[in-house]
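Taking it in order: structure first as structure tokens, then the write-up.
Since the structure is predicted, the reported quantities are computational estimates derived from the model, not experimental observations.
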Amino acid sequence: MKYFFVSFIAILAIVSISDAQHKLPKTWTKDFTIRLSYSGSMDGSSTHIVFTYDSCKYEGNSGMNAPKKGYYLMKDVDRKAILEKLQAFNVDKIHSEMSITPVNDGWNRSMCFGYHCIEAGTSAKISDHDKEQFSNAYDYLAGYAIQKIKK
């Protein structure tokens, strides 16, 4: 009984730590990053976007045109706007799982907030509600990066 109780407390502590790691910060700290990634298997298209405290880096390859790259210096107003929008989309409540079944013709999108990643795509298991929230957040972030880099 004693070992069961100790094991139970240890599991609760791990779950609490895990949940805390999935929460978005209230303010953007210097070590917090957001990473977006997209890959399409048939046409070779891909997108990689990284938001850090002080920059946004964009790399996109449509598969048909020359790759595009861009860079933007982040400001306080950018960090605040992004975090507020992601909190409105409840991204820290989105749950997805990757299937272990291989897919030969598929696509994959991922959003990582710090060390927590959310996956969507051909092999991902995600509810319709979470899929909508994921798409809204992903599209917002990708659009934000593209808009800022074009300026």
Once salt bridge (charged side-chain N to carboxylate O under 4.0 Å, His left out) is applied, do any residues pair with Asp139, and if so which ones, sequence neighbours excluded? Arg109
What residues form a salt bridge (charged side-chain N to carboxylate O under 4.0 Å, His left out) with Asp76, not counting sequence neighbours? Arg79
How far apart are the C-alpha atoms of Leu83 and Lys26, what are their side-chain angles, what is the distance that settles it, and do they pass the side-chain contact (heavy atoms from CB on, under 4.5 Å) test? CA-CA 8 Å; Leu83 281 178; Lys26 293 195 188 297; over 6 Å; no
Apply the hydrophobic cluster definition, ILVMFWY joined by side-chain contacts under 4.5 Å directly or through others, and give me every member besides Tyr71. Leu73
Could you walk me through whether Arg35 and Phe113 pass side-chain contact (heavy atoms from CB on, under 4.5 Å), step by step? CA-CA 7 Å; Arg35 294 181 314 279; Phe113 307 99; over 6 Å; no
Minimum heavy-atom distance Ile49-Cys56, with the two atoms named: CG2-SG, 4.1 Å
Would you name the heavy atoms of Tyr53 and Met74 that are closest together and state the gap between them?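 Here Tyr53 and Met74 meet closest at O-CB, 3.5 Å.
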Using side-chain contact (heavy atoms from CB on, under 4.5 Å) as the criterion, list what pairs up with [X], not counting sequence neighbours.
{"X": "Lys75", "value": "Tyr72, Val77, Asp78"}
{"X": "Thr52", "value": "Thr33, Val50, Asp54, Ser55"}
{"X": "Thr29", "value": "Asp31, Phe32"}

Apply ring-ring contact (aromatic ring centres under 6.0 Å, His included) to Tyr58 and list each qualifying residue two or more places apart in sequence or on a separate chain. none
Restricting to ring-ring contact (aromatic ring centres under 6.0 Å, His included), what partner residues turn up for Tyr140, sequence neighbours left out?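 Expected list: Tyr144.
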Donor-acceptor pairs are to be reported for all side-chain atoms of residues 131-138 against protein atoms at under 3.5 Å, with residues two or more places apart or in another chain.
| from | atom 1 | to | atom 2 | distance (Å) |
| --- | --- | --- | --- | --- |
| Gln133 | NE2 | Phe89 | O | 2.8 |
| Ser135 | OG | Lys131 | O | 3.1 |
| Asn136 | ND2 | Glu132 | O | 3.3 |

Does some side-chain heavy atom of Ser110 sit less than 4.5 Å from a side-chain heavy atom of Ile118?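 Ile118 vs Ser110: side chains apart.
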Side chains of Ser46 and Asn61 in contact at under 4.5 Å (non-hydrogen atoms):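 Yes, side chains in contact.
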Could you measure the distance from the [atom1] atom of [X] to the [atom2] atom of [Y]? Nearest 0.5 Å is fine.
{"X": "Leu24", "Y": "Glu84", "atom1": "CG", "atom2": "CD", "answer": "12.0 Å"}
{"X": "Glu59", "Y": "His48", "atom1": "CD", "atom2": "NE2", "answer": "7.0 Å"}
{"X": "Thr47", "Y": "Lys68", "atom1": "OG1", "atom2": "NZ", "answer": "10.5 Å"}
{"X": "Lys93", "Y": "His129", "atom1": "NZ", "atom2": "NE2", "answer": "10.5 Å"}

Test side-chain contact (heavy atoms from CB on, under 4.5 Å) on Ile82 and Leu141; report intermediate values, then the result. CA-CA 8 Å; Ile82 289 170; Leu141 289 169; 3.7 Å; yes
side-chain contact (heavy atoms from CB on, under 4.5 Å) between Leu86 and Ile34, worked out: CA-CA 11 Å; Leu86 293 176; Ile34 299 173; 3.6 Å; yes
